[in-house]
Amino acid sequence: MRSLDTDYLVVGAGAMGMAFTDALIDHADVRVTLVDRRYAAGGHWQDAYPFVQLHQASLFYGVASTVLGTGAVQQQGPETGLQERARRAEIQAYFDDILYRRFLGTGRVTFLSASEYTSDGPAHFVTSRVSGERIQVNVRRRLVDATYLSPTIPATTPPPFGVADGARVVAVHELPDVVDTPSDYVIAGTGKTATDAIIWLLGNGVEPDRILWVRPRDPWMLNRALVQPDPAVAFGLAADTMTAAADATSLDDLFLRLEAEGVMLRVDREVVPTMAKAPTLATWELELLRSIERVVRLGHIRQVTTAELVLDRGTVPLAPDSLVVHCAASGLQYPPMVPIWEPVAIRLQSIRAGFPCFGAALAGYVEATRDDDRERNRVCPPNVYPNSTAEWALMQARGAIATATFGAEPDIAAWANGCALNPARVDPSRRDDPAVQRAAARLAEWRERGLARLTALANDSEG
Ligand SMILES: Cc1cc2nc3c(=O)[nH]c(=O)nc-3n(C[C@H](O)[C@H](O)[C@H](O)COP(=O)(O)OP(=O)(O)OC[C@H]3O[C@@H](n4cnc5c(N)ncnc54)[C@H](O)[C@@H]3O)c2cc1C
């Protein structure tokens, strides 16, 4: 068997593996082997639905060395004034460029594409899905698990319900390929993918009453206008969160206060959501989503037949030729939080609240610049991806503490402030801006009380 020696073996060339590798090779003279079972870099974006876009600004996504997109503000369309958001093709091209031009161009990175990583005790193997060749990889320094939070998506996950013979069900990425126009579109799913599918259908002229939306839960979403690469906006959002938390009597009360401040959005004002993955949403999208009146709230779909949907708490008849669109993969994953640095591997996770690319890049920088794993884990505690309102509160609390901890290290603070992926970075030209100073002062005033209450709300709910 052929063998290969490397300092780091990074498993997963998705956004997190790419962001880690980028920061690592920029700050340490090391050799990295990157492996992915997909042919190209970029992870789930390779199989995403064609009309997907980042839900946040392009500047916040990708690797630290190279900005994704142009950093421009949109000049036309319903999001005029908000930062541009990359589409699938742009994200794919970006990661391709980072991999081939930047990483391989250094001569210090090897990419093993279309290859499966496996281990046998301490031994590491990579098997090509194309040739079948198995290579033993001797890792001098660290194994890096950049798959721990890899999302599941409809294109690669079967629908979580039965499909009877003759029933029409497609995964969301197949939607643009549908040729015989269905009578009704049934959207199965509640999260960002489902909302994207509805907005795409409406944008393509489908009347709202031809869309049936199966919503087992209702989601809270963040107002996109408040998640922008502008320190006055970023500090303002953090201050709003802490202010709302400080006096919140419950998790629901916290989210309703945030809604009153224009931070959180919900589709149906009659229902208090329980789901808080909290992707961003623009207000023009919210208005479109509110035009869907045929909403089914009978739990999850169990079975689709040619004539009806069978759900947890009842059945709904389907018009002949209805098309069910599978948007019901769980997306974000929720494995237990573990220390990022463990003897067996570095397991990439978020560190701030959200912004996984920043977390992975920060871990790459810290790996390169510190020798002791205890110290690395101290400055980079892991964070959760949120699903429930309690997890959202926990994520905010952990993120605030983590930001203060790594921000207290002068070199990390300087690196983070030069990194576009960091939503709290303050460009030197904005330091004396009164709007930034006002927002920062408001955050400082409310931070302690808000943080204590966020922690209590998250813990109460756990108990
Ligand atoms: C539709 C959608 C939109 C999103 N939009 C945003 C956004 O706008 N902003 C944001 O910050 N986050 C967003 N996210 C959140 C998402 O978590 C991030 O995109 C995240 O960066 C995912 O990257 P990843 O590297 O963790 O996982 P992945 O992209 O899944 O990459 C992991 C890679 O590991 C490979 N792999 C796994 N196991 C093995 C193995 N044994 N051997 C070899 N290879 C293996 C997989 O093939 C995969 O390519 C979005 C998620 C989805 C689903």
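Owing to the predicted nature of the structure, the values given are computational and were not obtained by experimental measurement. Just so you know, ligand 1 is whichever comes first in the structure, and atom 1 is the first atom listed for that ligand.
- Among all heavy-atom pairs drawn from A171 and P154, the shortest one is CB-O, 3.8 Å.
- Side chains of S330 and T152: a donor on one and an acceptor on the other come within 3.5 Å.
- Heavy atoms of A48 stay at 4.0 angstrom or farther from ligand 1.
- Ranking the protein heavy atoms by distance from atom 34 (O) of ligand 1 puts G12 CA, 3.3 Å first.
- When non-hydrogen atoms are compared, ligand 1 lies under 4.0 Å from neither the backbone nor the side chain of T118.
- Closest approach of R134 and M1 over heavy atoms only: O-CG, 3.0 Å.
- The line from CG of L457 to CG of L254 is 6.5 Å long, rounded to the nearest 0.5 Å.
- Between A402 and P381, the shortest heavy-atom contact is CB-CG, 3.7 Å.
- The nearest heavy-atom contact from the protein to atom 6 (C) of ligand 1 is H55 CD2, 3.4 Å.
- Closest protein heavy atom to atom 46 (C) of ligand 1: D36 OD1, 3.4 Å.
- In this structure, CG in L289 is found 8.0 Å from CG in L202, a value given to the nearest 0.5 Å.
- Taking 4.5 Å as the limit, every side-chain heavy atom of E285 sits out of range of all side-chain heavy atoms of L265.
- Ring geometry for Y100 against F111 counts as perpendicular: the plane angle is over 60°, on a 0 to 90° scale with 30° as the lower cut.
- A donor-acceptor pair shorter than 3.5 Å cannot be found between the side chains of R102 and T66.
- Looking from atom 3 (C) of ligand 1 to the surrounding protein, the closest heavy atom is W45 CH2, 3.5 Å.
- The shortest contact between atom 36 (N) of ligand 1 and any protein heavy atom is with T147 CG2, 3.7 Å.
- Considering both main-chain and side-chain atoms, Y49 never comes within under 3.5 Å of ligand 1 through any nitrogen or oxygen pair.
- Between the choices M18, R37, K277, the shortest heavy-atom distance to atom 39 (C) of ligand 1 belongs to R37.
- P356 counts as a contact of ligand 1, since one of its heavy atoms falls under 4.0 Å from the ligand.
- Contact atoms of ligand 1 toward L332: 15 (C), 17 (O) (distance under 4.0 Å to a heavy atom of the residue).
- In the vicinity of Q56, heavy-atom distances shorter than 4.0 Å reach the ligand 1 atoms 8 (O), 9 (N), 11 (O).
- Summary of contacts: the protein heavy atom closest to atom 48 (C) of ligand 1 is R38 NH1, 3.2 Å.
- In summary, the atoms of ligand 1 found under 4.0 Å from a heavy atom of S115, numbered by their order in the structure, are 42 (N), 43 (C).
- Considering each of Q46, E116, H44, the one bringing a non-hydrogen atom nearest atom 50 (C) of ligand 1 is H44.
- Of the protein's non-hydrogen atoms, Y385 OH, 3.2 Å is the one closest to atom 17 (O) of ligand 1.
- Proximity annotation for atom 10 (C) of ligand 1: of F355, Y61, Y117, Y61 comes nearest, heavy atoms only.
- A donor-acceptor contact shorter than 3.5 Å links the side chain of T6 to the backbone of T33.
- The aromatic rings of F51 and W200 lie parallel to each other, their planes meeting at an angle below 30°, with 60° marking the opposite boundary.
- The protein heavy atom nearest to atom 26 (O) of ligand 1 is M16 SD, 3.4 Å.
- Of the polar atoms of V11, none of the N or O atoms is found under 3.5 Å from an N or O of ligand 1, judged by distance alone.
- Among the atoms of A13, none of the N or O lies under 3.5 angstrom from an N or O of ligand 1.
- If you look at A360 next to ligand 1, there are no close heavy atoms at all, none under 4.0 Å.
- Taking a distance limit of 4.0 Å, we find that atom 14 (N) of ligand 1 is approached by no protein heavy atom.
- Salt bridge R31/D7: absent, no basic N to carboxylate O contact under 4.0 Å.
- For ligand 1, the polar-atom distance check against K192 finds no nitrogen or oxygen pair separated by under 3.5 Å.
- Scanning all heavy atoms of the two residues, the minimum distance from L82 to R224 falls at CD1-CG, 4.2 Å.
- Remark: aromatic rings of W45 and Y61 are close, center separation under 6.0 Å.
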